[in-house]
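Just so we're on the same page: letters track the sequence lines, and every chain starts at 1.
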Protein chains: 4
Amino acid sequence: MRADARRNRERLLAAAEEVFAELGTEASTEEVARRAGVGIGTVFRHFPTKEQLLEAVLVARVAELADRAEQLTAAADPGRAFFALLDAVVAQARSRQTLSEALAAAGVDATAAAAPAKARLRAAAEQLLRAAQQAGAVRPDVGGDELMALMVGIARTAEQTAHDPELQARVSRLLVDGLRPAQRGSGSAPASPR
Amino acid sequence: MRADARRNRERLLAAAEEVFAELGTEASTEEVARRAGVGIGTVFRHFPTKEQLLEAVLVARVAELADRAEQLTAAADPGRAFFALLDAVVAQARSRQTLSEALAAAGVDATAAAAPAKARLRAAAEQLLRAAQQAGAVRPDVGGDELMALMVGIARTAEQTAHDPELQARVSRLLVDGLRPAQRGSGSAPASPR
Amino acid sequence: MRADARRNRERLLAAAEEVFAELGTEASTEEVARRAGVGIGTVFRHFPTKEQLLEAVLVARVAELADRAEQLTAAADPGRAFFALLDAVVAQARSRQTLSEALAAAGVDATAAAAPAKARLRAAAEQLLRAAQQAGAVRPDVGGDELMALMVGIARTAEQTAHDPELQARVSRLLVDGLRPAQRGSGSAPASPR
Amino acid sequence: MRADARRNRERLLAAAEEVFAELGTEASTEEVARRAGVGIGTVFRHFPTKEQLLEAVLVARVAELADRAEQLTAAADPGRAFFALLDAVVAQARSRQTLSEALAAAGVDATAAAAPAKARLRAAAEQLLRAAQQAGAVRPDVGGDELMALMVGIARTAEQTAHDPELQARVSRLLVDGLRPAQRGSGSAPASPR
DNA sequence: TATGAATGAGTCTTCATTCAT
DNA sequence: CATGAATGAAGACTCATTCAT
């Protein structure tokens, strides 16, 4: 029976993510139940409050990103690794509109539920940041707080431009370029060698 | 009585802005009425739909920014003028959380009502951008589309960090620095001389 | 100034009739004002209550019919005159959907305002009825009460079939035929020589 | 739980019929809920729209009449059977003021929901009509369209005179007498031997 | 444990009526 | 007298949450 329950939980989470991404946070709980193929009662058994359901979705988002960050921690090129994390942020935002809300929750809100995932993400991200800075790939005057806030900004902006991938890429590059050291050689060429 | 009506309209707009900033877009029309000190019927006389009320608020926001941009158009130093516009975006976002929604509406939505204000903002912003680029203060590979999207991103991020002005300033600088030309002399110093 | 006021009253009455016929009794007073080209306040100055406005419209309807009935009183052929009144009922119902409500009000309700018009209509109609009965054109076992109720029924039914004039004519004839004497000669032909 | 739901649906339908008959079609949904002893939400769960609730009531009315008509189809005396149907119309109208609106809906509107009941009523009524005509009890120059329209007229008129059963009976007889053949024997006696 | 019917507070919106100009 | 802005009660409808089955 536990297996059944767990499967329902997964289905609900997936459905909720889909629904909230599609219809926004104001979508009804009933719609989530329908999409998950369960009764309304089941939703409330698993997530006693709509808020808790939303929270669970957002936590899942952040956790994915934390996974990715921890994974990148083992990469060879620190600069590449760091910017790959930012790419992941953009990529997630592209597909799911709930990401920025998730990140916002992780960065600002002190929701108990989000805390662990947030902590993991922050730890790994800071590690990537420091390594990249030591390698000279990122400005030295950037700290963890800025990084977290920046990730939110990047995600929000990426969502905003989700309709035009070309534009999205250009804008994301601009935002990210602010992190690079002022000076990367010579020329007057723009600063995105990637 | 026209005077009375106009005053009420102003009051309503102000109250609506305040309420939506404070409680989000989902705040009730009744709350707006209460805050404005008028009956519910008065709100609907002036703005026949909640959507139209919201629209009016957002348009006002964008219009303010457009005013500022047009004003900056006459400034002496093109680089300074351009970045001053971005400062204005941050400043607005600091005080009112509805700005980014307003900008999003202006940049993406094709709301008829927002169109004129949006057009003004874009025209002035592009003029500032081009001048700044010619003066070598901004990367040449940035266009109007990116600029509009970026303004949304800056506003969103600024809102996110509204609780910590220090952090907000640092993050905003990072975002903005992505717009500067890669190269401004020598040193390895970070790129925000301001 | 009195002339002005009277003209406004006429315009309002005309507009109200039009509006109520078109949109039903639930149409808003504001719509009536708009159609009459006056302010809302003016409507309420002339008719302190929506109910009174409606009443006035209905009374006007009944009064017209009473006029017609009184006029027919002077006709040569009593049978013809009587059935001409019923024709007038159908004709009115054809053009204005408010008639049956008006007649209903006149027949059943004891609205003070409707009383005089109702009384006139009834007096004239009964006179026509008695004359027609004496001429052998109408069943003798029909009284004023039945006649008034029947007029309502005819009007209601006529409204119901307003979309199909052909059908309306046939049904009206059926209803009216019930009033003719059972037997007027021989044949098995139906009883509508008209 | 299905049992519970069904019982509530019945209660709602009954309450709605009562309420609409008493207070008219403009009665509030809330009143229906109160009368049925359920919460407002329950009304809207069963009938997602006020219109649908009304429709359901009207359909039920027409269906009852259709039942009666079909039942009469098996009667021995065709004339008696036919006029018994008209009696049923009057009887229903006596107790419930919503009947005529129901019949109107069935006769004129093309509401999808009412269609089946309407079709049944019309089929049975026409069968009764034809049989009565063949038996010489009803004028031959009457068709289904007139019959349906006439039923509406009868119902409307019956409602109008609901306050005075005596008068109602007399008026109904008049209306119905229009359907009898012109010639039913001899005398100058009025034509309602029943 | 899953289900979905029931609940009712809360939302937007309409409209008759009042009243300051 | 006319105007039309203001008012607020009332109505249809939604939705998170509870609970009987």
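Nucleotide E:dC12 holds its P atom 9 Å from the CD atom of B:Glu26, rounded to whole Å. Atom C1' of nucleotide E:dT3 and atom CG of A:Leu12 are separated by 13 Å, given to the nearest angstrom. One atom, CD of D:Gln52, and another, C1' of F:dA12, lie 13 Å apart when rounded to the nearest Å. Atom C1' of nucleotide F:dA2 and atom CZ of C:Arg7 are separated by 13 Å, given to the nearest angstrom. Between the C1' atom of F:dC15 and the NZ atom of A:Lys50 lies a distance of 8 Å, rounded to the nearest Å. To the nearest angstrom, C1' of F:dA10 lies 15 Å from CG of D:Leu23. Between the CG atom of B:Asp4 and the P atom of E:dC19 there is a distance of 16 Å, rounded to whole Å.
Nearest heavy atoms, B:Ala117 versus B:Ala66: O-CB, 4.1 Å. Closest of all the heavy-atom pairs between C:Ala16 and C:Val57 is CB-CG2, 3.6 Å. Annotation for B:Ala93 and B:Ala155: closest pair CB-O, 3.7 Å, computed over non-hydrogen atoms.
Interatomic distance, B:Glu55 CD to B:Leu58 CG, rounded to the nearest 0.5 Å: 7.5 Å. For the atom pair CG (A:Asp4) and CZ (A:Arg6), the distance works out to 11.5 Å, reported to the nearest 0.5 Å.
Residues A:Leu13 and A:Glu17 are not in side-chain contact: their nearest non-hydrogen atoms beyond the backbone lie 4.5 Å or more apart.
Both D:Glu51 and A:Ala27 lie close to DNA chain F; mapped to their nearest nucleotides by heavy-atom distance, the more 5′-ward contact belongs to D:Glu51. With the nearest nucleotide of DNA chain E identified for both B:Pro48 and A:Gly39, A:Gly39 has the one nearer the 5' end.
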Paired and unpaired positions of DNA chain F as dot-bracket, Watson-Crick or G-U wobble under 3.5 Å, | denoting a partner strand = .||||||||||||||||||||

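Residues of residues 40-47 of chain B that place a heavy atom closer than 4.0 Å to DNA chain F, in numerical order, are B:Ile40, B:Gly41, B:Thr42, B:Arg45, B:His46. Residues of residues 28-38 of chain A that place a heavy atom closer than 4.0 Å to DNA chain E, in numerical order, are A:Val38.
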Indicate every side-chain donor-acceptor pair of residues 43-54 of chain B with a distance under 3.5 Å to a residue at least two apart or in another chain.
residue : atom : partner : partner atom : Å
B:Lys50 : NZ   : B:Thr25 : O            : 3.1
B:Lys50 : NZ   : B:Ala27 : O            : 2.9

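Contacts classified as side-chain hydrogen bond (donor to acceptor under 3.5 Å, both in side chains) and involving residues 33-44 of chain A (residues at least two apart or in different chains) are given here: A:Glu18-A:Arg35, A:Glu22-A:Arg35, A:Glu31-A:Arg34, A:Glu31-A:Arg35.
Checking the phosphate oxygens (OP1, OP2) of F:dA2, a side-chain nitrogen or oxygen of C:Asn8 falls inside 4.0 Å.
Using a 4.0 Å cut-off between charged side-chain N and carboxylate O, D:Glu64 and D:Arg61 make a salt bridge.
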